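We use all heavy atoms of the structure for the numbers below, so side chains are in, but hydrogens, waters and symmetry mates are not. Just so it is clear, the model here is predicted, and its values are computed rather than measured.
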Amino acid sequence: MSREQQAVARARKAFETGRSKSVEHRIRQLKNLQRLFTEKQSVISAAVKKDLNKSEVGTQLYETLGLEGELNTAINHLKEWAAPRPVEKNLLTISDTVYIKPEPLGVVLIIGAWNYPWAVTIQPLIGAIAAGNAAVIKPSEVCVHTAKVMEDLLPLYIDKELYPVVTGGVPETQELLRQRFDHIFYTGNSVVGKLIMEAAAKNLTPVTLELGGKSPCYIDKNCDLTIACRRVAWGKYTNCGQTCIAPDYILCEPSIQDRVIEEVKKAIKEFYTDNPKTCPDYGRIINQRHFKRIMNMLEGSTVAAGGDNEESDCYIAPTVLRDVKPEAKVMQEEIFGPLLPILSVSGLDEAIKFINKGEKPLALYCFSSDNKVINRMTDETSSGGFLANDCLVHFSVGSLPFGGVGNSGMGCYHGKYSFDQLSHLRSCLIKKLNMEGVNSMRYPPHTPKKLGWARFFILNSVDLGWVGRMALLAVMAVVAAVVLQTTSVPFKEKSNVHFKPFHQGDSEPIRSASHRTAVSAQWCYQSQYSCDDTCRDPIRWAAQFPSCGGLRQSPINIVSTKVHVNSALPPFNFIGHTNTINITVENKGHSAHFALPQSFRLTGGALPGHYRAAQFHFHWGGNGRPGSEHTIDGEQFPMELHIVHIKEPYGSLAEAEHDMAGIALLAFLFEESSDDNPHLDSLIASLGRVKNNGSSTVIPNFRLSDIIPSDKDLFSYYRYVGSMTTPGCEQAVAWTLFHRTLPISSRQLDAITQQCRFWTGQPMTDIFRPTQPLDGRVVYRSKAGAALGGVMHWWVGVSSVLLGRTGLIH
Ligand SMILES: NC(=O)c1ccc[n+]([C@@H]2O[C@H](COP(=O)([O-])OP(=O)(O)OC[C@H]3O[C@@H](n4cnc5c(N)ncnc54)[C@H](O)[C@@H]3O)[C@@H](O)[C@H]2O)c1
Ligand SMILES: CCCCCCCCCCCCC/C=C/C=O
């Protein structure tokens with residue numbers, strides 16, 4: 001048996017013991033890797049210095065810092081990633097337990113490249129360990145010193161049977177490729193990528209190919225060229241251009257070429273001094289083969305800056321090439337070195353055409369102050385990743401999938417994507433041996449009538465929460481009976497089927513804090529949108545947050561003559577609202593949130609369960625403009641208060657979002673009064689203390705009952721099912737909009753709207769989402785004196801209306 005065969009066989013045997021599957025074992029191994037990076041930083045850096053002349057700080061900044069971040073994320077989220085993931089169901093599966101169970105694939109082969117030898121080898125390993133696999137690690141032999149350090153150090157920290165390191169070059173890798181793996185994760189060039197895929201095909205082994213290619217960089221004349229060129233120079237010359245996502249070449253109009261050259265030259269000097277050769281932050285070409293390859297590319301091009309080189313030292317200065325033609329040698333393959341060609345294009349149209357003529361790149365960069373240019377570039381091209389006005393940094397955002405498309409690769413990783421990429425996402429459906437009547441529609445003899453029912457059951461997905469599900473089960477039992485009446489298949493079911501919801505914890509992933517931050521950093525209100533700002537305003541939320549384009553979106557315009565009066569909407573019962581407490585208010589970047597304790601609770605109001613308060617916030621306009629989210633008969637009110645409650649036992653919005661009534665939102669509209677509303681004074685004052693995104697303060701001795709009327713006085717309200725009004729627009733909200741308005745003076749309104757700033761620094765005004773289509777939903781209005789007994793009836797009604805949109809139930 002060859003050394004490679006032995007390593008694979010040992011890893012397989014270790015995998016078969018089952019120990020890699022235990023979440024505790026995975027976390028322990030990841031923590032051991034954390035320890036390695038804490039304890040052996042200097043050994044790691046010394047080897048990388050010898051291989052690529054990277055400084056110790058450079059190695060930390062570009063390689064190990066990212067790994068430490070990935071380790072933290074994996075350790076903190078592993079339980080949630082590995083937990084079963086409940087999915088939406090259709091009516092046929094409503095009483096089943098339907099979920100995705102991530103499971104390990106088996107033994108993964110990781111083949112690393114030399115340019116960021118730690119980042120591209122250990123980052124997939126983190127994913128492989130997190131997903132419960134065994135992994136054979138093959139570092140690049142080109143990075144001689146680093147490969148040796150990996151071979152020596154990894155077995156000292158992690159389970160060496162499960163995760164063996166196999167060193168060697170082409171023959172050793174090919175021997176490994178003759179073994180059977182459950183996944184091959186390769187990083188390197190596209191030519192070898194094809195060989196890897198060919199070898200994998202023999203065993204139908206899935207592959208992830210992290211390849212490279214020529215990543216274009218368009219610089220629009222409409223932008224700050226000093227900043228753009230500094231960022232491009234950083235992206236290009238870091239690691240001497242040997243970065244998979246380095247901007248390969250610049251496309252710009254001829255009129256700005258000279259300025260671009262001057263600005264890039266200035267940045268080179270700023271980063272690497274007048275003599276980059278002696279600068280500790282400027283690297284070297286990995287070996288003489290690559291040195292020669294890069295130098296050959298200069299043939300036929302005009303050097304505008306740099307060009308110095310020394311073969312014995314593998315040194316090539318940061319170099320800029322001007323007036324480069326598409327036929328030039330340097331444009332025929334990925335440069336992977338410190339040459340920066342500039343090609344002339346007549347404008348955006350030609351740049352897009354040029355990019356689309358080439359292979360789909362790993363990264364595409366566009367520098368412009370004009371959102372239209374950036375939008376056209378994203379809309380009309382394709383690439384693994386897209387960055388506007390910066391380079392490289394998307395690699396460090398763990399919530400973004402990193403990977404290529406077409407010739408630049410397949411599959412993706414980083415953060416949870418690494419976990420998913422190296423897991424099998426197994427579909428599970430656990431049915432009970434009852435409710436056979438419902439199945440009769442699929443059993444022969446097949447009839448058009450049964451097909452009609454089958455269409456209804458299959459084409460409707462449901463997301464109704466517990467009470468809704470119970471109601472639908474009742475509907476289904478009736479349907480089953482109807483189907484049976486016409487088919488004479490024996491129906492032996494009891495209609496009181498017990499549905500077992502997931503337990504909190506093993507149910508769904510809690511959305512991570514980093515994810516929420518990423519979400520909040522990208523979207524904006526209409527008032528923030530301007531030519532200079534690239535944020536995503538409400539009409540474009542859905543492009544990034546698909547739920548925002550759903551059919552149950554909020555806010556809405558309520559047409560008072562079209563609401564359905566419903567006597568099954570009883571009053572609420574507020575618990576804790578009269579308590580005096582200290583509350584924290586925080587500027588969240590889009591609005592200010594006033595945190596409420598979970599001891600504040602809500603029942604009644606025909607809500608399907610008990611709810612715990614989470615926070616309240618306001619939506620306002622600015623400069624005398626109204627700012628409510630909901631409108632009544634087209635009228636927008638000065639301000640709107642939302643009190644957010646989460647259904648028990650959910651602990652967060654993420655947990656509640658799959659339940660149609662997982663969130664109960666109480667909304668109050670404000671009307672302008674001539675006198676101040678004294679109860680708002682402390683809130684208004686607190687906003688003055690949280691002017692900027694992220695700032696917070698405490699309001700002492702606060703009582704919610706001071707700003708809203710008591711539950712006894714709140715029997716009159718509108719109810720409909722909708723969504724959160726900010727991204728991700730989760731369609732999980734039972735909305736209650738009270739008839740009773742709250743007073744606020746114009747002076748107070750001005751004070752509120754003039755104090756805070758958005759995350760972008762602009763004044764926080766007009767923070768409301770425009771009203772959304774009703775899309776067939778019904779708005780109900782409560783009728784005073786209703787009885788609690790109608791709750792179930794009411795939710796069945798809501799369900800039927802939603803389902804009735806198909807025309808099958810009325
Ligand atoms: N997408 C990414 O994340 C990423 C990251 C780094 C590098 N890259 C790309 O990788 C390329 C540079 O890396 P490289 O390919 O020079 O690295 P490399 O020479 O280190 O090769 C990569 C791996 O492939 C193995 N290998 C080489 N030839 C082989 C063969 N004939 N059969 C089997 N295995 C073989 C090597 O042993 C090595 O482990 C560039 O194109 C760059 O863009 C991509
Ligand atoms: C505040 C400092 C942020 C630094 C972020 C740097 C991210 C750059 C990542 C460079 C790429 C590293 C891995 C490259 C793989 C492909 O070759």
[atom1] of [X]: more than 12 outside heavy atoms within 6.0 angstrom?
{"X": "R35", "atom1": "CZ", "answer": "yes"}
{"X": "M295", "atom1": "CE", "answer": "yes"}
{"X": "K277", "atom1": "NZ", "answer": "yes"}

Looking only at the side chains, is there a donor atom on one of [X] and [Y] sitting less than 3.5 Å from an acceptor on the other?
{"X": "E39", "Y": "Y157", "value": "yes"}
{"X": "Q179", "Y": "N203", "value": "no"}
{"X": "S215", "Y": "Y365", "value": "no"}
{"X": "E70", "Y": "H414", "value": "no"}
{"X": "H290", "Y": "R293", "value": "yes"}

So, the side chain of [X] versus the backbone of [Y]: is there a donor-acceptor pair under 3.5 Å, distance only?
{"X": "N309", "Y": "G307", "value": "yes"}
{"X": "R284", "Y": "Y315", "value": "no"}
{"X": "T187", "Y": "G112", "value": "no"}
{"X": "R322", "Y": "L343", "value": "no"}
{"X": "Q257", "Y": "D323", "value": "yes"}
{"X": "D182", "Y": "V108", "value": "no"}
{"X": "S45", "Y": "T59", "value": "no"}
{"X": "E63", "Y": "A119", "value": "yes"}
{"X": "R3", "Y": "T167", "value": "yes"}
{"X": "E380", "Y": "I352", "value": "no"}

Just so I know, are the side chains of [X] and [Y] near enough to count as touching, which here means a heavy-atom distance under 4.5 Å?
{"X": "I294", "Y": "F336", "answer": "no"}
{"X": "I158", "Y": "L125", "answer": "yes"}
{"X": "C223", "Y": "L225", "answer": "yes"}

For this session: Kindly say whether the aromatic ring centers of F386 and H394 come within a distance under 6.0 Å.
Result: no
Exercise. Using 4.0 Å as the upper bound for N to carboxylate O, is an ion pair formed by R259 and E262?
Worked result: no
Problem set entry | Basic-acidic side-chain contact under 4.0 Å: K148, D152 | yes
Problem set entry | Working for side chain to side chain contact (heavy atoms under 4.5 Å, CB included), residues I268 and Y237 | CA-CA 8 Å; I268 293 171; Y237 301 117; 3.7 Å; yes
For this session: Could you walk me through whether K214 and E359 pass salt bridge (Lys or Arg N to Asp or Glu O under 4.0 Å), step by step?
Result: CA-CA 8 Å; K214 288 182 94 59; E359 297 283 4; over 6 Å; no
Exercise. What is the distance from atom NZ of K194 to atom CG of N189, rounded to the nearest 0.5 Å?
Worked result: 10.0 Å
Problem set entry | Intermediate values then yes/no, side chain to side chain contact (heavy atoms under 4.5 Å, CB included), W114 and L52 | CA-CA 9 Å; W114 53 264; L52 285 150; 4.0 Å; yes
For this session: Mind telling me whether H77 and W81 have parallel, tilted or perpendicular rings, with 30° and 60° as the class edges?
Result: parallel
For this session: Please work out whether the ring planes of F395 and F402 are parallel, tilted or perpendicular, with thresholds of 30° and 60°.
Result: perpendicular
Problem set entry | salt bridge (Lys or Arg N to Asp or Glu O under 4.0 Å) between E175 and R178, worked out | CA-CA 5 Å; E175 173 64 2; R178 280 189 279 277; 3.1 Å; yes
For this session: Quick one: do E263 and K266 satisfy salt bridge (Lys or Arg N to Asp or Glu O under 4.0 Å)? Show the steps, please.
Result: CA-CA 5 Å; E263 293 297 343; K266 264 181 14 200; 3.2 Å; yes
Exercise. How close do C217 and V232 get, heavy atom to heavy atom, and via which atoms?
Worked result: SG-CG2, 3.8 Å
Exercise. Going through the distances and angles, do Q29 and L162 end up as a side chain to side chain contact (heavy atoms under 4.5 Å, CB included)?
Worked result: CA-CA 10 Å; Q29 298 300 312; L162 273 172; 5.8 Å; no
